[in-house]
Amino acid sequence: MKRITKGDEPASFIQTKLENEKAGIQMRYDTGLGTAERKPIKKALLKEQGFICAYTLKRIGLDSCHIEHLKPEELCRNHMEEGIETVSDLDYSNMVACFPKVAPKGIPKHKYFGAIKKDDNWVNNGDDYILPLQTNCEDHFKYTKSGDVEGVTDRGNNTIELLGLRHPILIEDRKNAIDKFIGKAAPIKKAKTTQAISEIDKISGGKYAEFCIPLKHALQEHLVYLLKLEKKLKFARKK
């Protein structure tokens, strides 16, 4: 997971909500916003996320993502109707962009990953999970060079289960990205590895690297290997 810093809410979205409010219309996200109204929202989300999925870190664009509510939108509406203080289904701060655009056909939601697997699941008001808006969200997960991931905390493990982050497809995608970056036949050297560790999770050209956090963890693992190898060679030369 990569921390998301929310940017400005799109002016067009603010205007749409104001116009509905003035007209006395109780607007809903699902029925009150069409494709044209959602496009500026999606663009803003993609920009602040550096064009990676909020949950899986896969590369996304306008045609490969959907607008996801961190707290499920139907639950937001129900709580608002019950008078429970909460975010509304129109609250921009509760929205992120996630892969894919639509759920894959023929695959049950619980057997997929990311926002599709999460669906409307929400326990203990979300306090049992890690959300990408949280300051230290990255610290709850540890990725390996093999593409796997494990939770460093209980909440991290809960989130891995909630989002299906150990799904075979994601593990394979992360492994391929890591192998491509580090190299298999001729792995990158220490200097390039050290530089990459400091830069891989930084935005460049408006985008984050796909799987930037798994790549960073894999590079750190690779650096440990290189340092051990360097020490071993120095010892061998002394002999």
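Counting from 1, the numbers follow the sequence of the chain as shown.
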With His69, which residues qualify under side chain to side chain donor-acceptor pair (under 3.5 Å), at least two apart?
none
Can you name the nearest heavy-atom pair linking [X] to [Y], along with the distance?
X	Y	value
Phe51	Gly206	CD1-O, 3.6 Å
Lys2	Asp201	CE-O, 3.3 Å
Leu223	Lys190	CD1-CG, 3.7 Å
Ser88	Cys76	C-CB, 3.8 Å
Leu226	Ile188	CD1-O, 3.8 Å
Pro40	Pro10	O-CG, 3.7 Å

Apply side chain to side chain donor-acceptor pair (under 3.5 Å) to Lys71 and His79, showing your working.
CA-CA 11 Å; Lys71 180 175 180 177; His79 279 179; 2.9 Å; yes
Grouping I, L, V, M, F, W and Y whenever their side-chain heavy atoms are under 4.5 Å apart, do [X] and [Y] come out in a common cluster?
X	Y	result
Leu57	Ile203	yes
Val123	Leu133	yes
Ile67	Val87	no
Met80	Phe13	no
Tyr29	Leu75	no

Set of residues satisfying side chain to side chain contact (heavy atoms under 4.5 Å, CB included) with respect to Asn157, sequence neighbours excluded:
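With neighbours one apart ignored, the set is Ile160.
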Check against side chain to side chain contact (heavy atoms under 4.5 Å, CB included), Ile178 and Thr144:
CA-CA 9 Å; Ile178 290 165; Thr144 68; over 6 Å; no
Of Thr56, Val149, Leu163, which meets side chain to side chain contact (heavy atoms under 4.5 Å, CB included) against Met1?
Leu163
Main-chain N/O of [Y] paired with [X] side-chain donor or acceptor, under 3.5 Å:
X	Y	value
Gln49	Ile52	yes
Ser64	Ile60	no
Glu19	Thr16	no
His66	Pro100	yes
Lys6	Met95	yes

Are [X] and [Y] side-chain neighbours, meaning at least one heavy-atom pair lies under 4.5 Å?
X	Y	value
His217	Lys145	no
Leu70	Pro132	yes
Phe141	Ile130	yes
Tyr92	Ile14	no
Leu33	Ile41	yes
Cys98	Cys53	yes
Ile171	Tyr143	no
Tyr225	Lys228	no

Could you check whether the rings of Tyr112 and His167 sit parallel, tilted or perpendicular, using 30° and 60° as the cut-offs?
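Ring orientation, 0 to 90° scale: perpendicular.
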salt_bridge([X], [Y]) N-O dist < 4.0 Å:
X	Y	answer
Glu138	Arg3	no
Arg77	Glu81	no
Arg28	Asp89	no
Arg155	Asp128	no

Show your reasoning for whether side chain to side chain contact (heavy atoms under 4.5 Å, CB included) applies to Ser12 and Glu37.
CA-CA 8 Å; Ser12 61; Glu37 289 81 14; over 6 Å; no
Quick check on [X]: does its [atom1] atom have over 12 non-hydrogen neighbours (other residues, nucleotides or ligands) under 6.0 Å away?
X	atom1	value
Lys202	NZ	yes
Glu161	CD	no
Glu82	CD	yes
Lys142	NZ	yes
Asn124	CG	yes
Asp30	CG	yes

Worked verdict on Lys17 versus Glu9 for salt bridge (charged side-chain N to carboxylate O under 4.0 Å, His left out)
CA-CA 12 Å; Lys17 289 189 285 187; Glu9 184 174 4; 2.5 Å; yes
Could you give me the CA-CA distance, side-chain angles and deciding distance for Glu68 and Leu45, then say whether side chain to side chain contact (heavy atoms under 4.5 Å, CB included) is met?
CA-CA 10 Å; Glu68 162 79 355; Leu45 295 173; over 6 Å; no
In Å and rounded to the nearest 0.5 Å, what is the [atom1] to [atom2] distance from [X] to [Y]?
X	Y	atom1	atom2	answer
Glu150	Leu165	CD	CG	13.0 Å
Leu62	Arg38	CG	CZ	14.0 Å
Gln134	Leu131	CD	CG	4.5 Å
Tyr129	Asp154	OH	CG	13.0 Å
Thr193	Ile182	OG1	CD1	7.0 Å
Leu215	Ile200	CG	CD1	5.0 Å

Intermediate values then yes/no, side chain to side chain contact (heavy atoms under 4.5 Å, CB included), Phe113 and Lys58:
CA-CA 12 Å; Phe113 55 81; Lys58 285 177 67 67; 4.3 Å; yes
Judged by modelled atom types alone, do Asp91 and Ser93 share a side-chain donor-acceptor pair under 3.5 Å?
yes
